[in-house]
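Notes to accompany the following structure.
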There are 2 protein chains.
Amino acid sequence: MVTKTTLRPDPTAGVRGRGDAFDPECPTRVVLDRIGDKWTALVIGALSGGVLRFSELRAAVGGVAPKVLTQTLRALERDGLVTRTVRAQVPPRVDYELTDLGRSLGAPIATLTDWAETHVADILAARDRFEAATGRP
Amino acid sequence: MVTKTTLRPDPTAGVRGRGDAFDPECPTRVVLDRIGDKWTALVIGALSGGVLRFSELRAAVGGVAPKVLTQTLRALERDGLVTRTVRAQVPPRVDYELTDLGRSLGAPIATLTDWAETHVADILAARDRFEAATGRP
DNA sequence: CAGAATCCGTAATGATACTG
DNA sequence: CAGTATCATTACGGATTCTG
């Protein structure tokens, strides 16, 4: 059960930008803002198998623009979930690896993934029913 | 651990819109796309305490524009996570309640929430260190 | 190879005003 | 009360091009 202690709306509720209409340090918000985006979960999944370099990550994740992959990795690095190691070589080689913190995120994601695997059919069925009943997507 | 079976990138990887650069039915994507947005997790959290009407939900969540709350609730209804019950009264009264499916989502979210509670300090600390070291937010 | 720089389209969110 | 309609803003993701 989700309590208001951990999913707390910001009591000051003023005028602000996207993604910060909450207590900026609401733990669940911080985590959802990180793994809720388009590529982060996929990148963590890929890196859970071990060290990968930039191009390997691109291939593993499939179809990410380099700019976006860089953004994703920078955010993960910034949050202490991934380490970035530049090897002094020609051609350049940069390795990415999950930190202990990053690896520990695997468990909660797996729980979510398991729920998703089990119940996605129900969601899609409900979606179809809703569309059939209302005519709206 | 996150496997490619459940977090699968779309092998066809063509040109498409936001949020569908994956197998459209990748379970984890479906779930993250739902709870990853700004208000859904908060709404589920509020409803986990029991039935609420529109205005109560607004107050509980704090600072949502009515339009956005409606969008959020419609999406939850469409996906079979919430029921919407209109009472024939004056003034109007509409009750929102979690379905069994919606309630079952509480567990995975709680796991994520627990992880967040435990590790958010590490993330924020890493963020501060990164900013101090690089000068960039 | 690993990115940085630039430009762009779309979608998510919000403010405000109005209605059944 | 419970929305809907409209408009504005912004951020996210992507395509393309260029560089150490």
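Sequence lines set the chain letters: A, B, ... in the order given, protein chains first and strands last, and positions in each chain run from 1.
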Next on the checklist: Does D/dG3 have OP1 or OP2 under 4.0 Å away from a side-chain N or O of B/R84?
Outcome noted: yes
Item to check | Single-linkage hydrophobic cluster, 4.5 Å side-chain cutoff, B/I123 and B/F130 together | outcome: no
Checklist outcome for this item: note: A/E56, atom CD; C/dC1, atom P; distance rounded to Å ~ 11 Å
Checklist entry - Taking atom P of C/dT13 as reference, at what distance in whole Å does atom CG of A/L32 sit? => result 12 Å
Checklist entry - To the nearest angstrom, how far is B/D33 atom CG from C/dA12 atom C1'? => result 12 Å
Checklist entry - Looking at A/R93, does any N or O in its side chain come under 4.0 Å of the phosphate oxygens OP1/OP2 on C/dA2? => result no
Item to check | Value in whole Å for how far the C1' atom of C/dT13 lies from CD of B/Q71 | outcome: 8 Å
Checklist entry - Which one of A/T40, A/T72, A/D79 satisfies the side-chain hydrogen bond (donor to acceptor under 3.5 Å, both in side chains) criterion with A/R34? => result A/D79
Checklist entry - With sugar-phosphate meaning primed atoms plus P, OP1 and OP2, does A/P91 contact a base, only sugar-phosphate, or nothing at under 4.0 Å between heavy atoms? => result sugar-phosphate
Item to check | Any B/S55 side-chain nitrogen or oxygen under 4.0 Å from OP1 or OP2 of D/dC1 | outcome: no
Next on the checklist: Rounded to whole Å, please give me the gap between CG in B/L52 and C1' in D/dA2.
Outcome noted: 15 Å
Item to check | Integer-rounded Å distance: C/dA11 P and B/K38 NZ | outcome: 19 Å
Item to check | Of the listed nucleotides D/dG13, C/dG3, C/dA15, the one nearest the side chain of A/Y96 | outcome: C/dG3
Next on the checklist: Are B/L69 and B/V43 packed together at the side-chain level, in the sense that at least one heavy-atom pair is separated by less than 4.5 angstrom?
Outcome noted: yes
Checklist entry - What nucleotide, of D/dG20, D/dC1, C/dG14, holds the atom closest to the side chain of A/P92? => result D/dG20
Next on the checklist: Checking the side chain of B/T28 only, and the main-chain atoms of A/T113 only, is there a donor and an acceptor separated by less than 3.5 Å?
Outcome noted: no
Item to check | Charged N-O contact under 4.0 Å between B/D95 and B/R53 | outcome: no
Checklist entry - How many Å lie between CG on A/L69 and P on D/dC12, as a whole number? => result 16 Å
Checklist entry - For B/R58, which contact category applies under a 4.0 Å heavy-atom criterion: base, sugar-phosphate, or nothing? => result nothing
Checklist entry - Taking atom C1' of C/dA11 as reference, at what distance in whole Å does atom CG of B/D37 sit? => result 12 Å
Next on the checklist: Please determine whether residues A/V86 and A/V82 belong to a single hydrophobic cluster, defined as Ile, Leu, Val, Met, Phe, Trp and Tyr linked transitively by side-chain heavy-atom distances below 4.5 Å.
Outcome noted: yes
Next on the checklist: Under 4.0 Å, counting only non-hydrogen atoms across every strand here, what does A/R87 touch: a base, just sugar-phosphate, or nothing?
Outcome noted: nothing
Contact list (N/O, under 3.5 angstrom) for nucleotides 4-6 of chain D vs protein:
unit_1, atom_1, unit_2, atom_2, d
D/dT4, OP1, B/R74, NH2, 3.2

Next on the checklist: Using a 3.5 Å distance criterion without hydrogens, assess whether the side chain of B/R93 forms a donor-acceptor pair with backbone atoms of B/R87.
Outcome noted: no
